[in-house]
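As structure tokens, the structure follows; a few thoughts come after it.
As the structure is a prediction and not an experimental result, all values here were calculated from the model. Letters go in sequence order (proteins before strands), and every chain restarts at 1.
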Amino acid sequence: GENVEQHPSTLSVQEGDSAVIKCTYSDSASNYFPWYKQELGKGPQLIIDIRSNVGEKKDQRIAVTLNKTAKHFSLHITETQPEDSAVYFCAASSNTGNQFYFGTGTSLTVIP
Amino acid sequence: NAGVTQTPKFQVLKTGQSMTLQCAQDMNHEYMSWYRQDPGMGLRLIHYSVGAGITDQGEVPNGYNVSRSTTEDFPLRLLSAAPSQTSVYFCASSYSSDNVLTFGAGSRLTVL
């Protein structure tokens, strides 16, 4: 099955700086790569996703890049704000595997 | 449109007791799934369903049963609770296994 690894497990940045979280996957059949944000006491919420036919996607301060050859994808948050503090999860899935595979999460702290 | 609704939000059980975590969605999603979230281990798939009448095992299915008699509901049953099942449980649904996954708010279960 798929194996998704996520780094770093914790990340602290100063407000206004950028944050980057990286994930690798193992199954070349994976074609959908979402990122979720989980605030304390809540369920994960999708913040951005990318499919394998696209190399980069951006939504305001958030961007995701995908390198299919190297099997890795990254989340980039620019101009970080205190409300960006949360746990972020990457995931990979395919339309044939019927499962989403999640990374172990990154706890991001934005220091005011 | 309520999204994914989980009940109860909190539950305390004694070892050996049984209970059912309820999950309902009103988005006409075919794909539904249950995850458990433990510190440092991310989200691990317990069981999933690709449609009414169809269920399958995920990564950590032992000790749990599921059924899918309707498109809307996907209950998770603990037959004989064990302390190792103390966790936060999330139900999630999607149109398909390579589409946006919507999570419920979670159910925190403690087994004494």
Side-chain angles (χ1 to χ4, degrees), chain A residues 1-10 21 23-54 57 59 64 66 73 86-107, chain B residues 2-10 21 23-25 27 29-51 54-61 66 68 74 87-108:
Chain A
E2 173 69 280
N3 180 41
V4 177
E5 296 190 354
Q6 182 173 346
H7 299 281
S9 56
T10 59
I21 303 171
C23 288
T24 61
Y25 63 99
S26 61
D27 189 350
S28 56
S30 290
N31 62 353
Y32 177 62
F33 306 93
W35 285 89
Y36 287 85
K37 176 183 180 182
Q38 185 178 27
E39 297 177 338
L40 197 62
K42 297 183 179 180
Q45 282 198 307
L46 181 79
I47 55 171
I48 196 168
D49 57 5
I50 192 168
R51 295 192 180 273
S52 57
N53 58 349
V54 175
K57 185 176 179 181
D59 182 5
V64 57
L66 172 65
F73 56 112
V87 178
Y88 292 81
F89 291 96
C90 64
S93 74
S94 71
N95 56 2
T96 55
N98 288 330
Q99 295 192 29
F100 287 79
Y101 296 88
F102 284 85
T104 50
T106 296
S107 178
Chain B
V4 179
T5 303
Q6 287 184 236
T7 55
K9 292 190 184 302
F10 301 95
L21 298 177
C23 175
Q25 52 90 10
M27 298 171 285
H29 285 171
E30 289 294 328
Y31 183 88
M32 295 187 75
S33 52
W34 276 102
Y35 295 85
R36 60 177 289 172
Q37 184 174 33
D38 303 292
M41 303 191 74
L43 293 155
R44 293 185 292 168
L45 182 65
I46 304 171
H47 285 284
Y48 66 94
S49 168
V50 297
I54 306 169
T55 63
D56 207 343
Q57 298 180 351
E59 181 185 0
V60 289
V66 292
R68 184 95 179 271
F74 191 45
S87 187
V88 180
Y89 291 85
F90 289 99
C91 178
S93 71
S94 175
Y95 285 111
S96 63
S97 62
D98 65 340
N99 216 312
V100 177
L101 198 59
T102 301
F103 283 84
S107 298
R108 181 175 292 275

What part of A:Tyr101 lies closer than 4.5 angstrom to a heavy atom of chain B: side chain, backbone, both or neither?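 For A:Tyr101, there is no contact with chain B at all, as no heavy atom is under 4.5 Å.
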Under 4.5 Å to a heavy atom of chain B? For A:Pro34 that would be neither
Do B:Leu101 and A:Leu46 have side-chain heavy atoms sitting under 4.5 Å apart?
no
Exercise for the section: Check whether any side-chain heavy atom of B:Val100 lies under 4.5 Å from a side-chain heavy atom of A:Tyr32, and answer yes or no. Expected result: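 A side-chain contact under 4.5 Å exists here.
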Can you give me the closest heavy-atom contact between A:Arg51 and B:Asn99, atom names plus distance?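 Shortest heavy-atom contact: NH2-CA, 3.9 Å.
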Taking heavy atoms only and a threshold strictly under 4.5 Å, list by residue number the residues of residues 23-31 of chain A that touch chain B; give 'none' if the list is empty.
->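 Within residues 23-31 of chain A, the residues under 4.5 Å from chain B are A:Asn31.
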Centroid separation A:Phe100 to B:Tyr48 less than 6.0 Å: no
> Which atoms of B:Ser33 come close to chain A, meaning under 4.5 Å heavy atom to heavy atom: side chain ones, backbone ones, both, or neither?
Replying inline: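 No part of it gets close to chain A.
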Greatest number of non-hydrogen atom pairs under 4.5 angstrom with chain B, of A:Lys42, A:Gln99, A:Gln45, falls to A:Gln99
- Atom pair CZ/CZ of B:Arg44 and A:Phe102 - distance to nearest 0.5 Å: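 Atom-to-atom, B:Arg44:CZ and A:Phe102:CZ are 13.5 Å apart.
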* To do: Determine whether the side chains of A:Gln38 and B:Gln37 contain a donor N or O and an acceptor N or O closer than 3.5 Å.
  => yes
